[in-house]
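Report on the structure given below.
Please read all numbers here as calculations on a predicted model, not as lab measurements.
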Amino acid sequence: MNFSGKVALITGAGSPQGIGFATARLLAQQGTKIAITSTTERIQERAHELAAAGADVFGLPADLRDHARTKALVQEVLSRYGRLDILVNNAGMTQVSNPTETTSLPLAELSELEWDYGIAITLKTAFNITKAVLPFMLAAKYGRIVNVSSVTGPIVSNPRETVYSAAKAGMVGLTRSLALEVARQGITVNAVAPGWIETASSTEHEIIAGQNTPVGRPGRPDEVAAAIAFLAAESASYLTGQLIVVDGGNSIQEYKGPPASYY
(Lines give C-alpha, C1' and ligand atoms only; values in the text may rest on other atoms or scores of the structure.)
Protein backbone atom coordinates (compact mmCIF):
# COMPACT_ATOMS: atom_id res chain seq x y z
CA MET A 1 0.00 0.00 0.00
CA ASN A 2 1.63 3.20 -1.20
CA PHE A 3 0.14 6.37 0.25
CA SER A 4 2.83 8.71 -1.03
CA GLY A 5 1.34 12.09 -1.95
CA LYS A 6 -2.02 11.34 -0.36
CA VAL A 7 -3.63 13.54 2.30
CA ALA A 8 -5.74 12.10 5.12
CA LEU A 9 -8.01 13.73 7.69
CA ILE A 10 -8.60 11.62 10.80
CA THR A 11 -11.18 12.68 13.38
CA GLY A 12 -11.27 11.68 17.03
CA ALA A 13 -7.48 11.34 17.21
CA GLY A 14 -6.86 13.03 20.57
CA SER A 15 -6.22 9.97 22.74
CA PRO A 16 -2.67 8.58 22.63
CA GLN A 17 -4.07 5.05 23.04
CA GLY A 18 -7.03 5.42 20.66
CA ILE A 19 -7.94 4.06 17.25
CA GLY A 20 -7.78 7.50 15.62
CA PHE A 21 -4.20 8.18 16.67
CA ALA A 22 -3.12 4.63 15.78
CA THR A 23 -4.60 5.16 12.31
CA ALA A 24 -2.85 8.50 11.88
CA ARG A 25 0.46 6.97 12.92
CA LEU A 26 0.12 4.05 10.50
CA LEU A 27 -0.93 6.20 7.53
CA ALA A 28 1.92 8.63 8.27
CA GLN A 29 4.38 5.74 8.27
CA GLN A 30 3.08 4.83 4.81
CA GLY A 31 3.81 8.32 3.46
CA THR A 32 0.47 10.06 3.97
CA LYS A 33 0.27 13.74 4.89
CA ILE A 34 -1.89 13.89 7.97
CA ALA A 35 -4.46 16.26 9.47
CA ILE A 36 -5.85 15.17 12.83
CA THR A 37 -8.60 16.65 14.94
CA SER A 38 -10.28 16.27 18.32
CA THR A 39 -12.39 18.51 20.54
CA THR A 40 -9.53 19.75 22.74
CA GLU A 41 -6.05 21.23 22.42
CA ARG A 42 -4.51 17.88 23.34
CA ILE A 43 -4.60 17.17 19.60
CA GLN A 44 -1.46 19.32 19.42
CA GLU A 45 0.34 16.78 21.62
CA ARG A 46 -0.54 14.01 19.15
CA ALA A 47 0.61 16.18 16.25
CA HIS A 48 3.95 16.80 17.98
CA GLU A 49 4.41 13.05 18.53
CA LEU A 50 3.78 12.29 14.87
CA ALA A 51 6.01 15.15 13.71
CA ALA A 52 8.82 13.88 15.93
CA ALA A 53 8.58 10.57 14.08
CA GLY A 54 8.95 12.36 10.73
CA ALA A 55 5.32 12.84 9.73
CA ASP A 56 4.00 15.80 7.75
CA VAL A 57 1.14 16.56 10.12
CA PHE A 58 -0.88 19.27 11.77
CA GLY A 59 -3.55 19.14 14.43
CA LEU A 60 -6.71 21.18 14.71
CA PRO A 61 -9.19 21.26 17.60
CA ALA A 62 -12.80 21.31 16.44
CA ASP A 63 -16.23 20.36 17.70
CA LEU A 64 -17.56 18.54 14.65
CA ARG A 65 -21.14 18.93 15.87
CA ASP A 66 -20.78 22.52 14.67
CA HIS A 67 -21.44 22.55 10.93
CA ALA A 68 -19.69 25.89 10.31
CA ARG A 69 -16.59 24.90 12.32
CA THR A 70 -16.42 21.63 10.44
CA LYS A 71 -16.45 23.40 7.07
CA ALA A 72 -13.72 25.75 8.29
CA LEU A 73 -11.64 22.75 9.40
CA VAL A 74 -11.81 21.19 5.94
CA GLN A 75 -10.87 24.51 4.35
CA GLU A 76 -7.81 24.70 6.61
CA VAL A 77 -6.71 21.25 5.51
CA LEU A 78 -7.16 22.16 1.85
CA SER A 79 -5.34 25.47 2.31
CA ARG A 80 -2.35 23.64 3.75
CA TYR A 81 -2.19 20.61 1.47
CA GLY A 82 -4.28 21.51 -1.56
CA ARG A 83 -6.10 18.18 -1.60
CA LEU A 84 -7.90 15.69 0.62
CA ASP A 85 -7.90 12.05 -0.45
CA ILE A 86 -8.81 10.10 2.69
CA LEU A 87 -11.36 10.77 5.43
CA VAL A 88 -11.47 8.58 8.53
CA ASN A 89 -14.57 9.26 10.64
CA ASN A 90 -13.46 8.06 14.06
CA ALA A 91 -15.00 10.76 16.27
CA GLY A 92 -17.70 9.53 18.61
CA MET A 93 -18.12 7.38 21.71
CA THR A 94 -16.91 10.01 24.23
CA GLN A 95 -15.65 13.57 24.22
CA VAL A 96 -13.03 14.64 26.73
CA SER A 97 -14.44 18.17 26.58
CA ASN A 98 -17.91 16.89 27.52
CA PRO A 99 -17.80 13.65 29.51
CA THR A 100 -21.59 13.21 29.58
CA GLU A 101 -22.31 9.50 29.93
CA THR A 102 -25.26 8.30 27.86
CA THR A 103 -24.51 4.58 27.59
CA SER A 104 -25.37 3.54 31.14
CA LEU A 105 -29.05 4.46 31.28
CA PRO A 106 -32.09 2.39 30.29
CA LEU A 107 -34.04 3.98 27.44
CA ALA A 108 -36.97 4.67 29.81
CA GLU A 109 -34.68 6.92 31.89
CA LEU A 110 -32.87 8.60 29.00
CA SER A 111 -33.61 12.28 28.53
CA GLU A 112 -34.08 13.91 25.16
CA LEU A 113 -30.92 15.94 25.78
CA GLU A 114 -28.87 12.80 26.44
CA TRP A 115 -30.28 11.10 23.35
CA ASP A 116 -29.54 14.10 21.14
CA TYR A 117 -26.00 14.35 22.51
CA GLY A 118 -25.28 10.64 21.93
CA ILE A 119 -26.50 10.80 18.34
CA ALA A 120 -24.69 14.07 17.68
CA ILE A 121 -21.19 13.07 18.80
CA THR A 122 -21.16 9.97 16.60
CA LEU A 123 -23.63 10.30 13.74
CA LYS A 124 -23.97 14.05 13.26
CA THR A 125 -20.20 14.55 13.41
CA ALA A 126 -19.76 11.94 10.67
CA PHE A 127 -22.44 13.64 8.56
CA ASN A 128 -20.97 17.12 9.02
CA ILE A 129 -17.38 16.25 8.13
CA THR A 130 -18.36 13.95 5.26
CA LYS A 131 -20.62 16.62 3.76
CA ALA A 132 -17.79 19.16 4.02
CA VAL A 133 -15.20 16.88 2.41
CA LEU A 134 -17.35 15.32 -0.31
CA PRO A 135 -17.44 18.24 -2.82
CA PHE A 136 -13.65 18.16 -3.10
CA MET A 137 -13.53 14.39 -3.56
CA LEU A 138 -16.23 14.63 -6.22
CA ALA A 139 -14.28 17.34 -8.04
CA ALA A 140 -11.13 15.19 -7.89
CA LYS A 141 -13.07 12.05 -8.86
CA TYR A 142 -11.20 10.21 -6.13
CA GLY A 143 -11.66 9.55 -2.44
CA ARG A 144 -11.57 7.01 0.36
CA ILE A 145 -14.02 7.43 3.24
CA VAL A 146 -13.75 5.01 6.16
CA ASN A 147 -16.29 5.20 8.98
CA VAL A 148 -15.41 3.72 12.36
CA SER A 149 -18.64 2.08 13.47
CA SER A 150 -18.80 -0.74 16.02
CA VAL A 151 -20.13 -4.25 16.41
CA THR A 152 -22.45 -2.63 18.96
CA GLY A 153 -25.50 -1.60 16.99
CA PRO A 154 -25.00 -3.08 13.52
CA ILE A 155 -24.34 -6.66 14.72
CA VAL A 156 -24.80 -7.06 18.48
CA SER A 157 -25.70 -4.84 21.42
CA ASN A 158 -25.75 -4.49 25.19
CA PRO A 159 -28.36 -3.29 27.68
CA ARG A 160 -28.36 0.45 28.31
CA GLU A 161 -26.56 1.26 25.06
CA THR A 162 -29.51 2.30 22.92
CA VAL A 163 -28.03 5.68 21.93
CA TYR A 164 -24.62 4.30 21.07
CA SER A 165 -26.14 1.33 19.22
CA ALA A 166 -28.46 3.55 17.21
CA ALA A 167 -25.67 5.98 16.28
CA LYS A 168 -23.21 3.27 15.24
CA ALA A 169 -25.87 1.42 13.24
CA GLY A 170 -26.68 4.75 11.61
CA MET A 171 -23.07 5.07 10.49
CA VAL A 172 -23.37 1.80 8.60
CA GLY A 173 -26.55 3.00 6.90
CA LEU A 174 -24.78 6.22 5.94
CA THR A 175 -21.85 4.17 4.62
CA ARG A 176 -23.97 1.99 2.36
CA SER A 177 -26.18 4.68 0.90
CA LEU A 178 -23.32 7.09 0.24
CA ALA A 179 -21.26 4.29 -1.30
CA LEU A 180 -23.98 3.85 -3.92
CA GLU A 181 -24.21 7.59 -4.58
CA VAL A 182 -20.51 8.09 -5.31
CA ALA A 183 -19.38 4.70 -6.65
CA ARG A 184 -18.98 5.97 -10.22
CA GLN A 185 -16.97 9.01 -9.14
CA GLY A 186 -13.94 7.06 -7.96
CA ILE A 187 -14.92 7.34 -4.29
CA THR A 188 -15.28 4.34 -2.00
CA VAL A 189 -17.12 4.43 1.33
CA ASN A 190 -16.59 1.62 3.83
CA ALA A 191 -16.78 1.00 7.56
CA VAL A 192 -14.99 -0.99 10.21
CA ALA A 193 -16.71 -2.47 13.25
CA PRO A 194 -14.34 -2.85 16.20
CA GLY A 195 -15.25 -5.19 19.05
CA TRP A 196 -13.54 -5.21 22.45
CA ILE A 197 -10.54 -2.99 21.76
CA GLU A 198 -8.32 -2.01 24.71
CA THR A 199 -7.93 1.76 24.81
CA ALA A 200 -7.47 4.36 27.54
CA SER A 201 -11.24 4.47 28.05
CA SER A 202 -11.69 0.68 28.46
CA THR A 203 -13.34 -0.38 31.71
CA GLU A 204 -12.42 -3.47 33.73
CA HIS A 205 -15.45 -5.41 32.53
CA GLU A 206 -14.64 -4.52 28.91
CA ILE A 207 -11.14 -5.94 29.34
CA ILE A 208 -12.64 -9.13 30.79
CA ALA A 209 -15.02 -9.35 27.84
CA GLY A 210 -12.04 -9.06 25.50
CA GLN A 211 -10.29 -11.90 27.29
CA ASN A 212 -13.28 -14.12 26.51
CA THR A 213 -13.16 -13.63 22.74
CA PRO A 214 -11.99 -16.60 20.62
CA VAL A 215 -8.58 -14.91 20.26
CA GLY A 216 -8.37 -14.72 24.06
CA ARG A 217 -7.55 -11.04 24.48
CA PRO A 218 -8.90 -7.58 23.70
CA GLY A 219 -7.89 -6.11 20.38
CA ARG A 220 -5.31 -3.36 19.93
CA PRO A 221 -5.96 0.02 18.27
CA ASP A 222 -3.24 -0.70 15.71
CA GLU A 223 -5.12 -3.82 14.61
CA VAL A 224 -8.16 -1.70 13.79
CA ALA A 225 -5.88 0.86 12.13
CA ALA A 226 -4.56 -1.86 9.81
CA ALA A 227 -8.08 -2.58 8.54
CA ILE A 228 -8.73 1.14 8.07
CA ALA A 229 -5.48 1.56 6.12
CA PHE A 230 -6.43 -1.30 3.83
CA LEU A 231 -9.79 0.33 3.04
CA ALA A 232 -8.08 3.70 2.55
CA ALA A 233 -5.61 2.36 0.03
CA GLU A 234 -5.86 3.24 -3.65
CA SER A 235 -5.72 -0.48 -4.44
CA ALA A 236 -8.97 -1.12 -2.51
CA SER A 237 -10.84 0.39 -5.45
CA TYR A 238 -13.41 -2.38 -5.93
CA LEU A 239 -14.49 -2.60 -2.31
CA THR A 240 -17.24 -0.20 -1.28
CA GLY A 241 -20.29 -0.14 0.97
CA GLN A 242 -18.81 -2.86 3.17
CA LEU A 243 -18.49 -3.40 6.91
CA ILE A 244 -15.34 -5.15 8.11
CA VAL A 245 -15.64 -6.62 11.60
CA VAL A 246 -12.51 -6.43 13.77
CA ASP A 247 -13.50 -8.29 16.94
CA GLY A 248 -11.31 -11.38 17.34
CA GLY A 249 -14.19 -13.59 16.17
CA ASN A 250 -16.38 -12.60 19.12
CA SER A 251 -19.54 -11.92 17.12
CA ILE A 252 -19.51 -15.36 15.50
CA GLN A 253 -19.23 -17.41 18.70
CA GLU A 254 -22.43 -18.56 20.38
CA TYR A 255 -20.87 -19.29 23.77
CA LYS A 256 -19.33 -16.14 25.25
CA GLY A 257 -18.51 -17.26 28.79
CA PRO A 258 -15.18 -18.39 30.27
CA PRO A 259 -13.37 -20.50 27.64
CA ALA A 260 -12.77 -23.62 29.77
CA SER A 261 -16.12 -25.19 28.89
CA TYR A 262 -15.58 -25.07 25.11
CA TYR A 263 -12.06 -23.96 24.28
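Under a hydrophobic-cluster definition in which Ile, Leu, Val, Met, Phe, Trp and Tyr are linked whenever side-chain heavy atoms come within less than 4.5 Å, directly or via other members, V151 and I207 are assigned to different clusters. No chain of hydrophobic side-chain contacts below 4.5 Å, direct or via other Ile, Leu, Val, Met, Phe, Trp or Tyr residues, connects L50 to L26. Placement of Y142 and V88 in two distinct hydrophobic clusters is found when ILVMFWY residues are connected by side-chain heavy-atom separations under 4.5 Å, directly or transitively. Residues L78 and L9 fall within the same hydrophobic cluster, defined by Ile, Leu, Val, Met, Phe, Trp and Tyr side chains chained together at heavy-atom separations under 4.5 Å. Using a 4.5 Å cut-off between side-chain heavy atoms of Ile, Leu, Val, Met, Phe, Trp and Tyr, with links allowed through other members, F3 and F230 fall into the same hydrophobic cluster.
Put simply, the side chain of E109 never gets that close to the backbone of P106: no donor and acceptor are under 3.5 Å apart. When atom types are taken as modelled, the side chain of T11 and the backbone of A91 share a donor-acceptor pair closer than 3.5 angstrom. The main-chain N or O of L243 is never found under 3.5 Å from a side-chain atom of R176 such that the two would form a donor-acceptor pair. Checking side-chain atoms of Q44 against main-chain N and O of G59 turns up a donor-acceptor pair under 3.5 Å. Between the side chain of E49 and the main chain of A47, no donor-acceptor pair closer than 3.5 Å is present. Remark: side-chain polar atoms of S202 are paired, donor with acceptor, to backbone N or O of I197 under 3.5 angstrom. Under the 3.5 Å distance criterion, the side-chain polar atoms of T130 are left unmatched by any main-chain donor or acceptor of F127. The main-chain N or O of N212 is found under 3.5 Å from a side-chain atom of Q253 such that the two form a donor-acceptor pair.
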Quiz item: Run the side-chain contact (heavy atoms from CB on, under 4.5 Å) check on L138 and I187 step by step: do they pass?
Solution: CA-CA 8 Å; L138 288 168; I187 302 167; 3.8 Å; yes

Quiz prompt | Residue pair L110, L107: steps toward the side-chain contact (heavy atoms from CB on, under 4.5 Å) verdict | solution = CA-CA 5 Å; L110 203 63; L107 182 64; 4.1 Å; yes

Quiz item: So L60 and I43, side-chain contact (heavy atoms from CB on, under 4.5 Å) or not? Walk me through it.
Solution: CA-CA 7 Å; L60 295 162; I43 197 65; 5.8 Å; no

Quiz item: Going through the distances and angles, do K131 and H67 end up as a side-chain contact (heavy atoms from CB on, under 4.5 Å)?
Solution: CA-CA 9 Å; K131 184 173 174 61; H67 184 71; 4.1 Å; yes

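Considering only heavy atoms from C-beta on, M171 comes within 4.5 Å of T122 through its side chain. Looking only at side-chain heavy atoms (C-beta outward), E198 and E206 stay at 4.5 Å or farther from each other. Two residues are said to be in side-chain contact when any heavy atoms from C-beta on lie closer than 4.5 Å; M137 and L87 meet this criterion. V189 is listed as a side-chain neighbour of N147, based on a closest heavy-atom distance under 4.5 Å. Within the 4.5 Å cutoff, the side chain of T152 has no heavy atoms near those of the K168 side chain. Y117 is listed as a side-chain neighbour of R65, based on a closest heavy-atom distance under 4.5 Å. Looking only at side-chain heavy atoms (C-beta outward), T199 and S15 stay at 4.5 Å or farther from each other. Side-chain contact between V163 and L105 is absent, with no heavy atoms from C-beta onward closer than 4.5 Å.
Of the options V133, L134, N190, a side-chain contact (heavy atoms from CB on, under 4.5 Å) to I145 is made by L134 and by none of the others. Applying the side-chain contact (heavy atoms from CB on, under 4.5 Å) test between V172 and each of S177, S150, P154 identifies P154 as the sole match. Considering V77, I36, T37 in turn, V77 is the only one that fulfils the side-chain contact (heavy atoms from CB on, under 4.5 Å) rule with F58.
A salt bridge links E223 with R220: the distance from a Lys NZ or Arg NE/NH1/NH2 to an Asp or Glu carboxylate oxygen falls below 4.0 Å. By the 4.0 Å N-to-carboxylate-O rule, R80 lies close enough to D56 to be salt-bridged with it.
For the atom pair CG (D63) and OG1 (T40), the distance works out to 11.0 Å, reported to the nearest 0.5 Å. The CZ atom of R46 sits 10.0 Å away from the NE2 atom of H48 when rounded to the nearest 0.5 Å. A distance of 7.0 Å separates CZ of R25 from CG of D222, quoted to the nearest 0.5 Å.
For N158 and Y164, the side-chain atoms include no donor-acceptor pair closer than 3.5 Å. No side-chain donor from either of T23 and N90 sits under 3.5 Å from a side-chain acceptor of the other.
Of all non-hydrogen atoms in I86 and L84, the two that sit nearest each other are O-CD2, 3.2 Å. Counting all heavy atoms, side chain and backbone alike, A132 lies closest to V74 at CB-CG2, 3.6 Å. For the pair V192 and V146, the tightest heavy-atom approach, listed with the atom from each and the gap, is CG1-CG1, 4.5 Å. Between R144 and T188, the closest heavy-atom pair is CD-OG1, 3.0 Å. Contact between V246 and V224 at its shortest, heavy atoms only, is CG1-CG2, 4.1 Å. Contact record, L174 with L123: CD1-CD1, 4.5 Å, taken as the closest heavy-atom pair.
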